[in-house]
Every structure is written in structure tokens, then in C-alpha cells.
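The structure appears below as C-alpha cells.
The figures that follow rest on heavy atoms only: side chains count, while hydrogens, waters and symmetry mates do not.
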Amino acid sequence: MNKLIWIFFLSILFTLPANAQNSFTLKGMIGGLQEQFIYLYKLDGDSKDLIDSVKTNNGEFEFHAACEQAFAAQISVSGRKSGKIFLSPSEMYLFVHKKEMNYKFLIGKLKGSPAQDRYEDFKAKLAENNKRKLKVIETLQIPEVQSDPIKKDQFMKEYASLNKFKNDYFYKYASSPVIPYLLYQEYYAGKRDLENIKKQLTILKLANPNGMYVKSLKKRIEIVETLENKGQFPEIDAPSLSGNRYKLSEHKGKPILLYFWRAWTPDRNEKFYQEIKNITSTFPSLELVSIIRNSSFNMHRIPGTNKGESWHPKPKPELNCIEIESLDNSVEVVRFLDRGFNAFLLDKNGKILYHQDTKDLELLKSNISIYLSKL
């Protein structure tokens, strides 16, 4: 309880408006560039949104934009070079060579951003903590320590204390936007389960209730729990390949199969198309919505050449289904699903009847038949 009170006190300090800025300026130089366009993106946890693009002058650049709270950003150079940084509502300076831009967070390159300073402080202390943990593990392997219960217990307690580093750090600096961002990444990477994140979120909502990443984490938990507990499927509002707008909430009154799959090579795509045709032929009264997960980096070779071009699905009327392309997670619910296959059978009110995340056509057809017979 004392920890919660302390966090609440910090959150009051964090939200005081004194000397607050509502914009940022990012100046600097990217070595190895002359006159070339660079792009600055905002990473909100689930998507990447373009803030602005500028043309460098001998590698020098300047960005200026509205900013009420710190956030993670990505600065990209053509040729697929990019680096991540934490931007704050302040004036900042970035000096980096394009060779150092390897898609990861840039360390020691950005000055003037308190959020970046917090991130670098965490990474430095985490590295030191891991070194100490490794040393303790090595010490515990020494026969003299193994045979001495007192010494062994002492080192085991030290290891347990070191193992609490992350949680203690996250509690201490819960008001920083860096913390919910890190928690989100750990959950997405499978390093923390849903219950652990819900526990952490209790503190975060007190420390930084209006934080962008706190809200994003809260929304993710709500949607994941809805999907796991077979609740009302979240809204889908997106253009179909036929050119019409598809809104899931307007299609109530009939069972619907939402079929999520990831586009890749032509041969692999064709297998999914054949399975979709098999399902619509078997269940002609079932509305099937094919949501194709695609990426801007999905390149297919142009026939007869060595050149590639971005691939985008074309309408296939013979499939007798509604087709939607989710380009770079443009369909919001796709951001909350794993990257594999997912199929959701919905009842007439849009509630989940059945969910399958293994690509097994016969299993899917069998369960569709069972559930439709009950409607």
C-alpha cells in the first residue's frame, strides 16, 4: 500500500503543468547522407504513423511538431535504414551515422530528451544487473559454495534480489512513458503474461493515467480478454477489395466466419485461396470475410525480369467471400492477434462462438458444422 501511495504522489508531480511544452524540435546530422529524404514516425505501441519528412542538407536536418507527452519514434532513411529514439516535448539533438541505424534504439546519440535518458538509464542498469546475476550463478557452481549451506543461501538471496530489478525499476519510474512502452514490448514478445501486465497496469494508471502507452496497454488487455473469453468481436471498419466499405456491426443477423491469414509467396497464398473456396462451397449460406494480412515489404518478382514489385491482393469473385487487405495492420483488430492463422466464427449478434488458431481445414469445417447446426 505504501508503494501505491508513493506512486500516486509521483503522478501528481508528473502532471503539474509548470514549464510544460506542447511541441518538440529535433535537430541533428546523419553521417553518410548528403541531400536525401528522411522520415520521422510515431510509434504508439500498435502502429507506426508518419509525423513528417524532410530533405537533409549535407546530412543536417530539423523536425518540429506538436507533442504533449514523450513517445517512442523511428527515424528512417531510404534504403531501409532506421533507428528508434524516445522524443520528449523539448529541443533535442541527434548525431548518428547511417551505418549505426540498425532498427534498434540508438544509444548515446540523442541529447535533450528526458525520456531517452530514462530509457538509456534502464538499459545500462539492466546490463549491469545481468552481469551481477551471471556472476552469482557462476559462484553458485563452485563446489565450496555448493557444500556450504550458509554461503549458498546468501548467494541465492542475492540472486532473488537481482531478479526483482525490472519490477522494482518499473515501480519506481512508473510515471515515465518509457515504462508502459517497455511493458508492452515484453508482453508482445511473450516475456510477460496477461495477469502480470494487468497487475503492472494498476500502478501505471495511477502514475500516468493519461499516458499514451498506458491507454494502449489497457486497450490491448481489454481486446485480448474479449477474444479469449469469446465476447463481442471488436468492430471491423475497412474497405473491401471490391471497393465497398465493410462494417462488421452492419452485418448482424447471420453467422459470420472471420478468416485471418498472412500473405506471402504466390504458392502459399494459393493454398489459402483454395481453402477459402472449399469453405464457401461447403457452407454457401455462411458469410466469410477473408482478412489478408499484408506488408509494404511483401515484394514479388515481376515475371520475366529480375525486378520486384509490391504485392497486393486482387479481388477473386470466384471465392464467394468478402475480401479485405490489412496492409501493415491497417485493420485495427489484427494488431491484437498473433502473426499466425486465426479464424473466428461469430453468431448472429457478432459474439464469438468458436476460435481456431491452427491451420487445419478439416477441423475448422467440422466445428463450423457443429456450431451452425445449433443456430
Is any side-chain heavy atom of [X] less than 4.5 Å from a side-chain heavy atom of [Y]?
X	Y	answer
Ile75	Val96	no
Ile324	Leu241	no
Leu286	Thr280	no
Pro177	Met212	no
Phe71	Leu43	no
Leu33	Phe61	no
Tyr119	Leu182	yes
Leu227	Leu337	yes

Under 30°, 30 to 60°, or over 60°: which ring-plane class applies to Phe86 and Phe105, parallel, tilted or perpendicular? parallel
Where does the angle between the aromatic ring planes of Phe272 and Trp261 fall among parallel (under 30°), tilted (30 to 60°) and perpendicular (over 60°)? parallel
Can you name the nearest heavy-atom pair linking [X] to [Y], along with the distance?
X	Y	result
Ser88	Ala115	OG-N, 3.1 Å
Asn294	Ala263	OD1-CB, 4.1 Å
Ala72	Tyr181	CB-CE1, 3.6 Å
Asp44	Ser216	O-OG, 3.6 Å

Between [X] (side chain only) and [Y] (backbone N and O only), is there a donor and an acceptor less than 3.5 Å apart?
X	Y	answer
Ser176	Val178	yes
Ser326	Val331	yes
Asp328	Ser296	yes
Arg245	Asp237	yes
Glu323	Lys316	yes
Thr226	Gly231	no
Ser90	Gly112	yes
Arg192	Ile197	no
Ser373	Ile370	yes
Tyr187	Ile221	no

Those residues that, when tested against [X], pass side-chain contact (heavy atoms from CB on, under 4.5 Å) (two or more places apart):
X	result
Lys307	Ile302, Thr305
Ala343	Leu257, Phe341, Leu364
Lys365	Asn278, Ile279, Thr282, Phe283, Leu361, Glu362
Glu120	Ile107, Gln116

Gap separating the [atom1] atom of [X] from the [atom2] atom of [Y], nearest 0.5 angstrom:
X	Y	atom1	atom2	value
Lys205	Leu217	NZ	CG	10.0 Å
Lys81	Ile30	NZ	CD1	11.5 Å
Ile203	Asn208	CD1	CG	13.0 Å
Tyr93	Leu26	OH	CG	10.0 Å
Thr265	Trp311	OG1	CH2	10.0 Å
Leu106	Ser82	CG	OG	8.5 Å

So, for Phe63 and Phe24, is the gap between ring centers shorter than 6.0 Å? no
Decide yes or no on side-chain hydrogen bond (donor to acceptor under 3.5 Å, both in side chains) for Asn349 and Gln232, but give the supporting numbers first. CA-CA 8 Å; Asn349 296 312; Gln232 191 78 19; over 6 Å; no
Not counting sequence neighbours, list each pair that qualifies as a side-chain hydrogen bond (donor to acceptor under 3.5 Å, both in side chains) and has a residue in [range].
range	answer
residues 48-66	Thr25-His64
residues 268-277	Tyr259-Glu275, Glu270-Gln274, Glu275-Lys359
residues 126-147	Lys133-Asn163

Tyr371 six-ring face occupied by Lys374 cation (under 6.0 Å, within 45°): yes
Do [X] and [Y] belong together in a cluster built from hydrophobic side chains that touch within less than 4.5 Å?
X	Y	answer
Val289	Phe336	yes
Leu363	Leu353	yes
Met101	Met92	yes
Ile291	Leu345	no

Quick one: list whatever passes salt bridge (charged side-chain N to carboxylate O under 4.0 Å, His left out) with Lys42, sequence neighbours left out. none
List in chain and number order the residues that pass salt bridge (charged side-chain N to carboxylate O under 4.0 Å, His left out) with Lys198, two or more places apart in sequence or in another chain; answer none if no residue qualifies. Glu195, Glu225
Apply ring-ring contact (aromatic ring centres under 6.0 Å, His included) to residues Phe233 and Phe344 and explain how you reach the verdict. CA-CA 9 Å; Phe233 199 88; Phe344 293 88; 5.0 Å; yes
Heavy atoms of other groups near Leu375 CG, more than 12 under 6.0 Å: yes
If you count the non-hydrogen atoms of other residues, nucleotides and ligands that lie under 6.0 Å from CH2 in Trp264, is the total more than 12? no
Is it true that Asp153 and Lys157 make a salt bridge, defined as a side-chain N closer than 4.0 Å to a carboxylate O? yes
Test His312 against Leu327 for side chain to side chain contact (heavy atoms under 4.5 Å, CB included), laying out the working first. CA-CA 9 Å; His312 296 283; Leu327 182 63; 3.9 Å; yes
By ring pair (Phe, Tyr, Trp, His ring centres under 6.0 Å), which residues pair with His97, not counting sequence neighbours? none
Give me each pair satisfying salt bridge (charged side-chain N to carboxylate O under 4.0 Å, His left out) with a member in residues 206-220, each pair once, sequence neighbours excluded. Asp46-Arg220, Lys218-Glu222, Lys219-Glu332
Using a 4.5 Å cut-off between side-chain heavy atoms of Ile, Leu, Val, Met, Phe, Trp and Tyr, which other residues end up in the same hydrophobic cluster as Leu134? none
